[in-house]
**Q** 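Structure below; questions to follow.
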Amino acid sequence: MKSIFTTKVGMTQVIDEDGVVTPVTVLKADENVIVQVKSEEVDGYNSIQIGYHDKKEKNVKKPIKGHFDKAGASYKRFLKEVRLDEKSELNPGDTLSVDQFEEGELVDITAISKGKGTQGAIKRWNYGRGPASHGSKSHRVAGARAAGSDPARVFKGRKGSGKMGNERVTVQNLKVVKVNTEDSYILVKGAVPGPKGGLVQVKQAIKSL
């Protein structure tokens with residue numbers, strides 16, 4: 001399973017030789033260091049722990065500091081685990097780079113979407129508007145979502161207003177347009193969840209396995 005953690009830089013365009021314009025998201029991959037390798041024999045499953053985004057030593061708590069020191073790795077802000085089918089041949093202290101991906105390859109993108117706070121049913125669930133005339137008094141309300149006197153309540157799970165965004169989102173089968181190994185960039189066709197500067201995981205597309 002190919003996987004790497006990146007930082008979302010923003011969006012731009014790539015123009016090929018035929019003049020076709022492709023919108024792409026620029027993902028910058030700083031050092032991805034292996035902090036721990038777990039095996040099915042010892043831990044019950046196979047995985048690797050990846051540290052990402054440098055962190056000052058004074059801001060690292062002692063238990064976490066010892067965990068990084070044992071691996072011989074620099075201190076990182078994020079510590080993420082990637083499950084594997086087989087035990088990894090990598091060792092603690094090794095690093096991952098963008099060269100594991102190729103142009104034209106399909107990848108799955110996982111990130112935390114932008115938080116939009118509390119929103120109404122129209123924005124949150126794409127409900128239709130009510131009548132726009134003066135006397136309707138129901139322009140942007142959710143409308144009737146329950147029966148009358150029985151059960152006289154709204155069942156749990158019905159779509160309504162509430163908190164929107166700020167959740168883990170995975171977008172599948174995005175195409176890798178370009179890989180810049182010198183500056184450690186990946187250009188992915190289309191939009192990627194989350195704000196600029198957000199943490200983004202790029203991994204091999206599940207459907208292509």
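Residues take their numbers from the sequence shown, with the count starting at 1.
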**Q** Are Val24 and Gln13 packed together at the side-chain level, in the sense that at least one heavy-atom pair is separated by less than 4.5 angstrom?
**A** no
**Q** Looking at every heavy atom in both Val171 and Pro193, which two are closest together, and how far apart are they?
**A** CG2-CG, 3.7 Å
**Q** What are the two closest heavy atoms between Thr118 and Lys163, and how far apart are they?
**A** OG1-NZ, 3.2 Å
**Q** Using side chain to side chain contact (heavy atoms under 4.5 Å, CB included) as the criterion, point out the one residue from Thr12, Ile186, Thr6, Val192 that pairs with Val26.
**A** Thr12
**Q** As a quick check of understanding, evaluate side-chain contact (heavy atoms from CB on, under 4.5 Å) for Gln172 and Asp108, giving each step before the final call.
**A** CA-CA 4 Å; Gln172 293 183 315; Asp108 292 343; 3.5 Å; yes
**Q** Which heavy atom of Ala191 sits nearest a heavy atom of Leu174, and at what distance?
**A** O-CD1, 3.8 Å
**Q** Supply the atom-to-atom distance Ser136 OG to Arg129 CZ, rounded to the nearest 0.5 angstrom.
**A** 8.5 Å
**Q** If every non-hydrogen atom of Ile4 is compared with every non-hydrogen atom of Val98, which pair is closest and at what distance?
**A** CD1-N, 3.8 Å
**Q** Looking only at atom types and distance, does a side-chain atom of Tyr127 sit under 3.5 Å from a main-chain N or O of Lys159, one as donor and one as acceptor?
**A** yes
**Q** Show your reasoning for whether side-chain contact (heavy atoms from CB on, under 4.5 Å) applies to Leu79 and Gln49.
**A** CA-CA 7 Å; Leu79 186 61; Gln49 277 188 356; 3.8 Å; yes
**Q** Between Lys207 and Asn173, does the side-chain contact (heavy atoms from CB on, under 4.5 Å) criterion hold? Intermediate values first, please.
**A** CA-CA 8 Å; Lys207 294 182 179 179; Asn173 295 336; 3.5 Å; yes
**Q** Do Lys38 and Ile48 have side chains that get closer than 4.5 Å, going by heavy atoms?
**A** no
**Q** Determine whether a donor-acceptor pair (N or O, by modelled atom type, separation under 3.5 Å) exists between the side chain of Asn180 and the backbone of Glu182.
**A** yes
**Q** Is there a side-chain contact between Asp99 and Val179, using heavy atoms and a 4.5 Å cut-off?
**A** no
**Q** More than 12 heavy atoms of other residues, nucleotides or ligands under 6.0 Å from NZ of Lys2: is that the case?
**A** yes
**Q** Nearest heavy-atom pair of Pro131 and His139: which atoms, and what distance?
**A** O-ND1, 2.9 Å
**Q** Looking at CG of Asn32 and CD of Gln100, how far apart are the two atoms once the value is rounded to the nearest 0.5 Å?
**A** 8.0 Å
**Q** Heavy-atom distance under 4.5 Å between the side chains of Gln204 and Glu105, does that happen here?
**A** yes
**Q** Can any side-chain N or O of Thr170 pair as donor or acceptor with the backbone N or O of Thr110 at less than 3.5 Å?
**A** no
**Q** Tell me, do Ile112 and Asn166 make a side-chain contact under 4.5 Å, heavy atoms counted?
**A** yes
**Q** With a 4.5 Å cut-off on side-chain heavy-atom distances among I, L, V, M, F, W and Y, is there a chain of contacts connecting Val37 to Val35?
**A** no
**Q** Examine distances only and state if a side-chain atom of Lys28 and a backbone atom of Asp183 form a donor-acceptor pair shorter than 3.5 Å.
**A** yes
**Q** For His53, does the NE2 atom have more than 12 heavy-atom neighbours from other residues, nucleotides or ligands under 6.0 Å away?
**A** no
**Q** Less than 4.0 angstrom from a charged side-chain N to a carboxylate O is my criterion; do Glu40 and Lys87 meet it?
**A** no
**Q** Just by distance, do the side chain of Ser113 and the backbone of Val169 share a donor-acceptor pair under 3.5 Å?
**A** no
**Q** Has the side chain of Asp16 got a donor or acceptor atom that lies under 3.5 Å from a matching backbone atom of Asp18?
**A** yes
**Q** To the nearest 0.5 Å, what is the distance between OH on Tyr75 and NZ on Lys55?
**A** 11.5 Å
**Q** Backbone N or O of Arg145 within a donor-acceptor pair of the Arg158 side chain at under 3.5 Å?
**A** yes
**Q** Can you classify the ring geometry of Phe5 versus Tyr52 as parallel (below 30°), tilted (30 to 60°) or perpendicular (above 60°)?
**A** tilted
**Q** Side chains of Val202 and Ile109: does their closest heavy-atom pair fall under 4.5 Å?
**A** yes
**Q** Roughly how far apart are Ser184 OG and Leu27 CG, rounded to 0.5 Å?
**A** 10.5 Å
**Q** With a 4.5 Å cut-off on side-chain heavy atoms, are Lys80 and Leu199 touching?
**A** yes
**Q** May I ask you to test the Val82-Gln201 pair for a side-chain heavy-atom distance under 4.5 Å?
**A** yes
**Q** Could you state the interatomic distance from CD (Gln36) to CG (Asn91), rounded to the nearest 0.5 Å?
**A** 12.5 Å
**Q** For the residue pair Met11 and Pro23, what are the closest heavy atoms and their distance?
**A** CE-CB, 4.3 Å
**Q** Looking at Lys76 and Asp54, does any basic side-chain N land under 4.0 Å from a carboxylate oxygen?
**A** yes
**Q** Measure the CH2-CD distance between Trp125 and Gln119 for me, rounded to the nearest 0.5 Å.
**A** 12.5 Å
